[in-house]
There are 2 protein chains.
Amino acid sequence: MRKANSTNSINETRLHLLCGMSHALSVIGGRWKASILFSLTDGRKRYSELRKDIPGVSERMLVAQLRELEADGLVERTVFPEVPPRVEYALTDFGRSTQPMLREISAWGAKHRKG
Amino acid sequence: MRKANSTNSINETRLHLLCGMSHALSVIGGRWKASILFSLTDGRKRYSELRKDIPGVSERMLVAQLRELEADGLVERTVFPEVPPRVEYALTDFGRSTQPMLREISAWGAKHRKG
DNA sequence: CAGAATCCAAAATGATACTG
DNA sequence: CAGTATCATTTTGGATTCTG
């Protein structure tokens with residue numbers, strides 16, 4: 001019978017924590033994902049609005065990160081069949097569920113960086 | 001007189017959040033940093049113990065990430081002037097301050113990954 | 001307008017052999 | 001034991017040009 005604090009169960013707990021961490025970071029850890037997520041907090045935005053709203057992103061990266069967020073279910077993409085084309089992005093409920101976590105990370109970072 | 005919810009103040013708030021995020025991720029976002037931090041939660045460890053405790057790290061990466069954590073003040077490194085050499089790593093108070101954040105990230109990730 | 005495609009640079013990570 | 005040094009590879013980000 002194994003003790004509750006045996007090396008094995010410590011490792012199992014840690015493994016579980018680490019899997020969660022690495023999954024979470026793969027979802028929200030991209031270079032521009034937090035920017036996108038924060039920007040969409042205001043409400044749905046067009047592609048061009050996101051570009052203006054996030055100074056410094058290249059088109060390539062903005063699209064890439066949006067596609068990943070979409071694939072992970074945080075962001076919903078709506079294409080309007082018009083000419084010229086219009087595409088809007090919005091947070092899903094799942095996307096909104098990241099906000100407490102995002103805020104906690106931001107708060108820790110803001111509190112502890114120097115300058 | 002500027003309205004409280006003007007575009008500018010929204011951007012300032014967001015900018016502040018983003019600075020915090022990016023700083024926090026630069027501190028805890030490395031490939032092995034969470035593993036190290038979680039491992040040291042048990043108490044101080046020798047270099048060789050960390051290696052055993054973190055399957056898959058290369059020596060190069062373990063040292064590199066430990067040095068970064070040390071530079072950022074999360075981890076304290078103690079060298080014992082013995083032969084053979086002995087070096088121990090431990091969390092600082094600042095390092096321990098990451099734990100609520102780390103747990104929240106882990107919890108979100110564990111809750112929302114499939115399978 | 002909203003991107004796709006292509007090419008390239010830089011950073012992060014890894015494998016492995018060697019050393020005080 | 002606790003690293004360092006070196007080289008290879010993978011991942012990530014960016015600039016630019018083109019298109020339905």
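Letters A, B, ... mirror the listed sequences (proteins, then strands); counts begin at 1. Below, all heavy atoms of this structure are taken into account, side chains as well, without hydrogens, waters or symmetry copies.
Applying the 4.0 Å criterion to OP1 and OP2 of D:dC1, one finds that B:Ser48 has every side-chain N and O outside that range. Look at B:Tyr89 and you'll find a side-chain N or O under 4.0 angstrom from OP1 or OP2 of D:dG3. Neither OP1 nor OP2 of C:dA2 sits under 4.0 Å from any side-chain N or O of A:Arg67. Checking the phosphate oxygens (OP1, OP2) of D:dG3, no side-chain nitrogen or oxygen of B:Arg46 falls inside 4.0 Å. Proximity of B:Arg31 to the phosphate of C:dG14: a side-chain N or O atom is located under 4.0 Å from OP1 or OP2. Considering only side-chain N and O atoms, B:Gln65 lies nowhere under 4.0 angstrom from the phosphate OP1 or OP2 of C:dA12.
The distance between atom CD of B:Glu82 and atom P of D:dG3, rounded to the nearest whole Å, is 13 Å. Between the P atom of C:dA15 and the CZ atom of B:Arg51 lies a distance of 11 Å, rounded to the nearest Å. Computed from coordinates, the A:Met61 CE to C:dA4 C1' distance equals 15 Å when rounded to whole Å. The OH atom of B:Tyr47 sits 15 Å away from the C1' atom of C:dG20 (whole-angstrom rounding). As rounded to whole Å, 15 Å separates atom C1' of C:dT13 from atom CG of B:Leu66. Taking atom CG of A:Leu50 as the reference point, atom C1' of C:dG3 lies 13 Å away to the nearest angstrom. One interatomic measurement links the two molecules: CG of A:Leu62 to P of D:dT16, which rounds to 18 Å at whole-angstrom precision. Following rounding to the nearest Å, B:Leu25 (CG) and C:dA12 (C1') show an atom-to-atom distance of 15 Å.
Here the closest non-hydrogen pair linking A:Pro100 and A:Arg96 is CD-O, 4.0 Å.
Nearest to the side chain of A:Val63, among C:dA4, C:dA15, D:dG3, sits C:dA4. Of the candidate nucleotides D:dG3, C:dA15, D:dG14, D:dG14 has the atom nearest to the side chain of A:Trp32.
A:Glu49 places a side-chain N or O within 3.5 Å of a backbone atom of A:Arg46 that can act as its donor or acceptor partner.
Looking at A:Leu74 and A:Leu91, their side chains never come closer than 4.5 Å, going by heavy atoms from C-beta outward.
Expressed to the nearest 0.5 Å, how far NZ of B:Lys111 lies from CE of A:Met101 amounts to 11.0 Å.
Judged by the 6.0 Å distance and 45° axis criteria, B:Arg86 is positioned over the aromatic ring of B:Phe80.
For A:Glu59 against C:dA4, a side-chain-to-base donor-acceptor contact under 3.5 Å is present. No donor-acceptor contact under 3.5 Å links the side chain of A:Arg60 to the base of C:dG3.
Both B:Pro85 and A:Glu88 lie near DNA chain C, and the one whose nearest nucleotide falls closer to the 5' end is A:Glu88.
Among the atoms of the strands shown, none is found under 4.0 Å from any heavy atom of B:Glu68.
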